[in-house]
Amino acid sequence: MFRIQASEEKGLMATDFERTIEEIQAKLDIAEVVGSYIPLKKAGRNFKACCPFHHEKTPSFVVSPQKQIYHCFGCSAGGDMISFVMKHEHLEFMEALKILADKANVQIPQFRGGGNRQKSSFTNALHRANELAANYYSAMLVGSPKAKDARSYLAKRSLNAAAVAKFKMGFAPADWDGFLKFAREKGVSPATLEKAGLVIPGREDSYYDRFRNRVMFPIFDIRSKIIAFGGRVLDESLPKYMNSPETDTYVKGRHLYGLNLAVDEIKSKDYCIVVEGYLDLIIPYHNGVKNIVATLGTALTVEQIRLIKRFTKNVVIIFDADEAGEAASLRGLDLLLSEELYVKIARLPEGLDPDTYVRTNSAEQFLKVIETADNLFDYKLKLLLKKLNPAETDDKAKITSEMLPTIKRVDNAVLRAEYIKKLSETLFISEDVMKEELSKVKLDYSYLGENKVFKECVAIRPAEKMITGLAIEDPDIANEIKKRLKIDEFHSEDVRDIIRAVFAVLSEGKNPTAAKVMHKLNSDNLSHIICEALAETEGFIDREKSLSDCIIKIKRDNLKFKKENLTSRIKEAEQKGNDAQLMKLVRELNALRGVKIDG
């Protein structure tokens, strides 16, 4: 979770900004914010739902209006209303805050120089440059004699004026600086155009247009802002497609072409079709298949998968690639299983892509291909069996090594058992042996932040976690902790950071609410720990006694640890014959043995 720190944003009055956040959170209720994204059901003082951040059938996601936080007992996700919007919408902190500020009708204070204000202004300048370019290319396509071949090309692809306008297609003329001159007349500097990836620097401070003599496809982000372009040649010259370079507004692995237009239909149909190219999307979409997106010259990335996951858990991948590169692509699709999506693969007749298939046949026939798609396991196994002989020992091992990681990533235990059974029967290997081999498969889940966070939360001593939960929301208890425990008495560095933040809020004369403490910190992990701690201490009736018990437990554990450490060092000193060190350590141990920690 990104939090703006005063030291990082020169010119911003941190107190003004914090007051603004507090005003937003005072005017909005977290249950209403979360409820605008997912259905919530009342459960006592709280609300429950199936977690939007991982697959589950039994609700373990809890929203607490009293504490103004959310927490999932399944994947350990948790935080305040800002972190929820960030996570659900895949936004940066300021973007999420702006959404909530608009809901609350609160004005976000302006930066006084540098920092995010400059970044925001720069981002807006790039968006304006891209919008200007799209308008220029569109006008060229519609009205310029130079675009005659481009108009003929699009007509041959069965694209009428409505389709062209929907996707804001255009044409970049063959002139070296046609757009550059147009943009200069509109007051946009070549330096800004270069940053947007629209022009390329030449010799002696000159520039020329990046895109020339190409049909242009604007690339939109999910909020329909133009962030980049793809350009296709009209002849057989190479490269056939030229895309914008990555810029401050465009990282190709984080976006999906056409998603801004497909969202409602994906939600309605509850599945998403994924294709590879611009026209592979545009032609089916123009013919009524609107729950469709395209990758942008990359294999599906985790960021793209999570974009899809916001709207559906069902994905159909259309392959039109040759079989040589297909196995590697399928291996990458295991990521979809790791993100707990249900994946199917559809393959068009050889030599046809979605664009050609829909124009040659129909959208109805295209959808029939979708309906007959195989699940990822069956498709992958069929592909391997075409190339490898399951009767050969080496080939059997190769098939197993490809299939077991896929099975390992299947979350549903029943499906996993069925896949093991099927693979065992296909390869003539007993299910027990296959299960044993499956247990050896190690997967890299480093990109799944929730799993890492959960393990870190579990590693914290129970008494320290309870102390954390008790300290937040109750200034009397927080002050009592300050009197009776030193920061270095906490074993967990994470707990130390949280307690320091609690004390910092107290020193400002404020009540250490969860939201205030989270905003003192700069970590998703710490926010998750806070939510877990609050969830565990919510039902405590005698909080003072619970506090006292936790303090005693922490002090006794620390004393025990010190004794064990000294005992170990004494043995080491004896083995080395270091008598002076030995006597010193024995005195320290005897002194600790005299310490009594009572309630």
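Sequential numbering from 1 along the given sequence is applied to the chain's residues.
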Practice item. Count the heavy atoms belonging to other residues, nucleotides or ligands that lie under 6.0 Å from NZ of Lys98, then report whether that count exceeds 12. Key: no

* Asked: Any donor-acceptor pair under 3.5 Å linking the side chain of Thr247 with the backbone of Gly197?
  -> no

The reported gap from CG in Asn412 to CD in Glu418 (rounded to nearest 0.5 angstrom) is 10.0 Å

Q.
Quick one, Leu415 with Asn375, criterion side-chain contact (heavy atoms from CB on, under 4.5 Å). Give me CA distance, side-chain angles, the key distance, then yes/no.
A. CA-CA 11 Å; Leu415 272 179; Asn375 65 58; over 6 Å; no

**Residue pair Met403 / Leu427, side-chain heavy-atom distance below 4.5 Å** = no

Subject >> Side chain Arg310, main chain His88, donor-acceptor under 3.5 Å >> reply: yes

Looking only at heavy atoms, the pair that brings His286 and Ala163 closest together is ND1-CB, 3.4 Å

Looking only at heavy atoms, the pair that brings Ala172 and Met216 closest together is N-CG, 3.7 Å

For this session: Assess whether atom CG of Asp205 is packed by more than 12 heavy atoms of other residues, nucleotides or ligands within 6.0 Å.
Result: no

Between Gln304 and Leu259, is any pair of side-chain heavy atoms under 4.5 Å apart? no

Do Phe229 and Leu198 have side-chain heavy atoms sitting under 4.5 Å apart?
yes

- Query: Between Lys181 and Asp175, is there a salt bridge with N-O shorter than 4.0 Å?
  - Reply: no

Worksheet item: Are the side chain of Asn260 and the backbone of Ser224 linked by a donor-acceptor contact shorter than 3.5 Å?
Response: no

| query | Distance-only, no hydrogens or angles: does the Gln365 side chain make a donor-acceptor pair with backbone N or O of Ser362 under 3.5 Å? | reply | no

Notebook entry, point to check: Are the side chain of Asp209 and the backbone of Phe211 linked by a donor-acceptor contact shorter than 3.5 Å?
Noted result: no

Tested for side-chain contact (heavy atoms from CB on, under 4.5 Å) against Cys272, the lone hit among Asn314, Ile292, Ile308 is Ile308

Note: Phe366 and Pro284 closest approach over all heavy atoms is CE2-CB, 4.3 Å

For this session: Kindly indicate, with the supporting measurements, whether the criterion side-chain hydrogen bond (donor to acceptor under 3.5 Å, both in side chains) is fulfilled by Asn243 and Tyr278.
Result: CA-CA 11 Å; Asn243 296 322; Tyr278 302 111; 2.7 Å; yes

On a heavy-atom basis, the closest approach of Pro405 and Ser401 is CD-O, 3.1 Å

Rounding to 0.5 Å, atoms CD1 (Ile399) and CG (Leu383) come to a distance of 10.5 Å

- Message: Determine whether a donor-acceptor pair (N or O, by modelled atom type, separation under 3.5 Å) exists between the side chain of Thr372 and the backbone of Lys368.
- Response: yes

Nearest heavy-atom contact between Ala134 and Ile226 is CB-CD1, 3.4 Å

From the list Tyr285, Phe220, Phe217, Tyr137, ring pair (Phe, Tyr, Trp, His ring centres under 6.0 Å) with Phe167 holds only for Tyr285

Original post:
Run the side-chain contact (heavy atoms from CB on, under 4.5 Å) check on Val343 and Tyr379 step by step: do they pass?
Top reply: CA-CA 10 Å; Val343 191; Tyr379 191 92; over 6 Å; no

Problem set entry | Atom CZ of Arg254: over 12 foreign heavy atoms under 6.0 Å | no

- Under 3.5 Å side-chain donor-acceptor pair for Thr356 and Asp353: yes

(Q) Test your reading of the model: is there a side-chain donor-acceptor pair from Arg151 to the backbone of Leu141, 3.5 Å cut-off? (A) yes

(request) Say whether, by atom type as modelled, one donor and one acceptor occur between the side chain of Arg210 and the main chain of Glu194 under 3.5 angstrom. (result) no

In terms of relative ring orientation, are Phe84 and Tyr70 parallel, tilted or perpendicular, with 30° and 60° separating the classes? perpendicular

Contact between His54 and Ser60 at the side-chain level, heavy atoms closer than 4.5 Å - yes or no?
yes

Val315 and Ile317 have their tightest heavy-atom pair at CG1-CD1, 3.6 Å

Result for side-chain contact (heavy atoms from CB on, under 4.5 Å) between Ile24 and one of Asp102, Ile82, Leu97, Asn105 points to Leu97

Would a 4.5 Å heavy-atom cut-off, applied to side chains only, mark Asp378 and Lys422 as touching?
yes

To the nearest 0.5 Å, atom CZ of Phe179 lies from atom OH of Tyr136 at 8.0 Å

Requested in this report: Taking the side chain as every heavy atom from C-beta outward, state whether Val263 and Ile266 have any atom pair closer than 4.5 Å.
Outcome: no

- Lys87 to Phe53 six-membered ring, cation-pi geometry met (6.0 Å, 45°): yes

message = Tell me whether Lys380 contacts the main-chain N or O of Glu402 through its side chain, where contact means a donor paired with an acceptor under 3.5 Å.
response = yes

Q) Would you say the side chain of Thr406 lies within less than 4.5 Å of the side chain of Tyr419, judging by non-hydrogen atoms? A) no

Before you tell me yes or no, could you show the steps for Leu279 and Leu159 under side-chain contact (heavy atoms from CB on, under 4.5 Å), namely the whole-Å CA-CA distance, both residues' side-chain angles and the distance that decides it to 0.1 Å?
CA-CA 10 Å; Leu279 288 170; Leu159 289 169; 3.7 Å; yes

Rounding to 0.5 Å, atoms CG (Leu281) and CG (Leu261) come to a distance of 8.0 Å

Taking atom NZ of Lys168 as the centre, report whether more than 12 heavy atoms of other residues, nucleotides or ligands fall under 6.0 Å from it. yes

Quick check: are there more than 12 heavy atoms from other residues, nucleotides or ligands sitting under 6.0 Å from NZ of Lys309?
-> yes

Using modelled atom types and a 3.5 Å cut-off, is there a donor and acceptor pairing between side-chain atoms of Asp280 and backbone atoms of Asp355?
yes

Worksheet item: What's the verdict on side-chain contact (heavy atoms from CB on, under 4.5 Å) for Val188 and Arg128, showing C-alpha distance, side-chain angles and the deciding distance?
Response: CA-CA 9 Å; Val188 181; Arg128 285 195 299 272; over 6 Å; no

- [ ] Would you mind reporting whether Leu348 and Pro354 have side-chain heavy atoms less than 4.5 Å apart?
- [x] yes

Distance col, row Ile99:CD1 vs Met86:CE, nearest 0.5 angstrom, shows 11.0 Å

Checklist entry - Got a sec: does the NZ of Lys27 have more than 12 other heavy atoms crowding it under 6.0 Å? => result yes

So CZ of Phe171 and OG of Ser138: to nearest 0.5 Å the spacing works out to 13.0 Å

Distance-only polar pair, side chains of Lys267 and Asn291, donor-acceptor under 3.5 Å:
no

